[in-house]
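These notes concern the structure reproduced below.
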Amino acid sequence: MILADIYQLWSSIWPAGVTMLALGSGFAIILLIASEKLKVEIDPKIEQIQEALPSLDCGGCGFAGCGQYAKAVLANPDLLGKCAPGGQKSTEAIAKILNLQVSDSAAPKRPIVHCKGHTKDKTFNAIYQGIQSCIAANALSPAQACKFGCLGLGDCVSVCKFDAISIIDGLATIDYEKCTGCGACAKHCPRGLIEMVPFSQEKMMTVACSSKESGKVTRTMCKVGCIGCGICVKMGEHFTIENNLARVDYENYQPSEKNQTALNKCPKKVIIETGKKCKA
Amino acid sequence: MNYELKNKQTFAGGIHPKSAEKLAKDCKIEPFPVPKQVAVMLSQHIGAICKPLVKKGDDVKIGQKIGETDAFVSAAVHSPVNGKVKDIALQSHVVAGRSKAIIIETDLENNPQKQLCKDKFNENFSAEKYSAEEICNAVNEAGIVGLGGAGFPTRVKLEPNPRLPKKTLIINGCECEPCITGDYRIMLEWTNQMIAGVKLAKKASGCSDVFIGIEDNKPKAIKTIIETLEKSSNNEKIKVVPLETKYPQGGERQLIKAVLGINVPTGGIPPMLGVVVLNVATAAAIAEAVVEKAPLTHRVVTITGKTIAKPANYYVPIGTAVNELLEFAGGVTEKSAKVVLGGPMMGIAIADLTTPVTKTTGAVTVLTKQEIGKAKFACQQTACIRCGRCLEVCPEHLNPTKIAHAVKNDMLDVAEDYYIKACIECGCCSYICPANIEVAGYIKTGKIFLARQK
């Protein structure tokens with residue numbers, strides 16, 4: 001009896017099974033042919049380059065993501081070395097794939113915030129109650145007396161993909177441990193406070209102020225503003241003054257005793273050391 | 001009287017700000033005393049920034065040209081006082097944040113107060129004896145810009161352009177911003193001077209039709225102008241059009257829609273339709289510039305606000321600091337929360353009270369916390385509930401909430417798709433929003449973002 005049942009079941013199932021099998025193998029053959037005929041040639045190098053890149057899609061190179069950059073660098077080898085997060089390692093790996101020579105490794109670029117004014121140091125004319133974005137606050141008549149200093153509303157924080165920048169007491173502060181140097185913050189600061197600087201040393205010395213006003217005006221606006229007194233130029237080695245504002249010559253900067261004296265002698269304490277392992 | 005208030009014309013959208021009181025409505029235009037120091041901005045208009053013609057230490061006379069450029073879209077600036085150039089330095093500027101200004105220390109002993117010249121005109125003024133070119137040159141020399149607020153150089157508007165012939169001249173007497181009364185007083189007190197200016201503008205631009213659009217909450221002004229026109233022969237066939245009281249009736253595009261019933265295309269400008277729009281204050285300035293050869297050194301500024309002791313309309317030297325104005329009007333009290341240059345709807349809050357008055361400053365409004373609204377004052381926004389009120393009131397028929405949220409979330413391409421650039425920044429959406437979202441503020445921010453991208 002059981003055997004008869006199984007036979008009956010089988011006789012009703014097999015046509016369906018065979019049809020499915022036939023359909024399946026038919027489509028498989030079509031797909032197989034299509035995959036051969038309509039094959040898109042991808043340069044294997046693109047994949048290799050992409051592997052060499054950090055796959056962060058930060059956009060610091062100027063392209064939409066790592067994939068786009070990989071394609072671009074293959075087409076135009078001049079673009080080599082644009083990947084800041086990957087750094088020298090990525091550049092060398094890509095150069096190897098493309099059989100290129102890498103020129104001497106340039107120092108990696110990192111952002112420096114040229115302002116030291118925390119909320120307690122700054123003078124305010126009025127309370128800003130508009131849209132909480134630097135670009136909107138900067139467009140209005142200045143509620144914050146200093147029109148050069150950090151607004152502390154965090155346009156740079158919102159564009160950082162690595163969580164490496166934060167607003168501490170009304171001042172953008174960079175965490176150099178997390179920073180990859182993509183440059184997004186420097187592009188978005190409406191006041192141009194953040195500058196990408198070649199970090200030839202672990203710690204860079206910087207004048208953390210951007211005020212081009214005369215010393216007299218700067219004093220009224222901020223307790224920690226550069227007044228352009230010129231002591232650092234006299235004492236240190238790599239300082240210049242332009243438009244009432246001292247600047248470090250980042251290209252040639254070397255840590256030295258003289259520079260350290262300049263840092264200590266600055267009457268406004270606006271020269272600071274910045275970089276990894278530096279207190280914010 | 002041959003006007004009918006029932007058939008008042010208007011546009012779709014807009015709002016009726018209820019709480020606004022015209023405090024300075026019955027205050028006559030008074031000359032403002034000569035200030036100790038003026039700061040004449042080199043950029044008071046749309047277009048190229050002027051180059052200073054004087055140096056530090058130079059003596060300047062009333063009406064002397066102190067800044068000029070060769071650029072086509074620009075206007076010269078003149079000294080409103082006799083005095084000495086103290087410095088050429090940066091000053092707080094309403095729109096640009098900070099901009100260069102010529103700071104003049106007044107010679108207080110030798111400084112006659114500028115007299116109003118309204119009495120020098122009568123009903124029978126005729127523009128016939130002036131040629132179009134003469135008028136345009138006089139307007140250019142006087143550095144006249146649109147005094148309504150945008151500050152577009154008037155000479156560019158009036159000059160004949162063979163590609164875009166002008167047909168219609170509309171005089172903007174709406175003054176739709178709540179609280180401001182300067183234009184209203186000009187229409188009432190300087191009627192003859194203003195109409196003389198209209199006639200001159202008509203002659204210069206070669207327009208065939210002239211309309212004066214006035215909101216119907218100013219029946220006195222409508223009556224005065226119609227009576228004055230009736231007294232004169234009215235050869236120019238100037239028509240007075242009463243319009244519905246609504247904000248932003250005085251917006252250029254809204255005014256054209258209300259008066260002529262035609263839409264200015266998105267991204268287009270009124271000259272494409274052969275329309276020229278001038279403010280009543282601009283018309284009065286044209287008359288003065290052409291007949292008296294006097295440059296634009298003074299303008300009518302309304303000082304208003306509940307905390308101001310004497311709200312008033314003053315004929316102020318351009319370059320006077322706002323705090324001097326406020327002090328003269330009785331000073332601000334502790335209740336004042338915000339000082340706004342312009343009206344409460346479109347004016348820009350200033351942080352620095354030494355900001356000088358420019359050619360485009362029509363009013364100084366001092367607002368209290370109550371007027372701003374406590375929640376709005378503290379920026380207490382809640383989520384958008386998609387009620388669609390901002391869509392209803394938008395006079396440009398945009399989708400403000402969509403644009404604002406696109407900007408907020410950094411999706412500028414979406415904002416552009418929804419025509420962010422067509423926004424006239426009237427602020428109706430922010431006013432009506434029950435969630436206190438600063439819709440217009442976000443849109444303005446988005447425009448700055450877009451400008452920076454390029």
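Naming convention: chains lettered A, B, ... in sequence-line order (proteins, then strands); numbering from 1 in each chain.
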*Heavy-atom distances under 4.5 Å only: say whether A:Gln132 touches chain B with side chain, backbone, both or neither.*
neither
*Near B:Lys402 NZ, under 6.0 Å, is it more than 12 heavy atoms from other residues, nucleotides or ligands?*
no
*Answer yes or no: does atom NZ of A:Lys268 have more than 12 heavy-atom neighbours from other residues, nucleotides or ligands under 6.0 Å?*
yes
*What is the distance from atom CD1 of A:Ile131 to atom OG1 of B:Thr445, rounded to the nearest 0.5 Å?*
4.0 Å
*Could you pull out the closest heavy-atom pair between B:Ala351 and A:Ala143, with the gap in Å?*
CB-CA, 3.4 Å
*Atom pair CG (B:Asp410) and NE2 (A:His188), whose distance is rounded to the nearest 0.5 Å*: 6.0 Å
*So with a 6.0 Å cut-off around OH of B:Tyr418, is the heavy-atom count from everything else above 12?*
no
*Give a yes or no on whether A:Arg247 atom CZ has more than 12 heavy-atom contacts from other residues, nucleotides or ligands under 6.0 Å away.*
yes
*Using a cut-off of 6.0 Å, state whether more than 12 heavy atoms not belonging to B:Gln381 lie near its atom CD.*
yes
_Most contacts with chain A, counted as non-hydrogen pairs under 4.5 angstrom, among B:Glu438, B:Lys338, B:Lys408_ = B:Glu438
_A quick test of your reading: do over 12 heavy atoms of other residues, nucleotides or ligands sit less than 6.0 Å from CG of A:Leu79?_
yes
*asked:* Does any backbone or side-chain atom of B:Leu90 lie under 4.5 Å from a heavy atom of chain A? Answer side chain, backbone, both or neither.
replied: side chain
_Shortest non-hydrogen contact from A:Lys187 toward B:Arg452_ = O-NH2, 3.4 Å
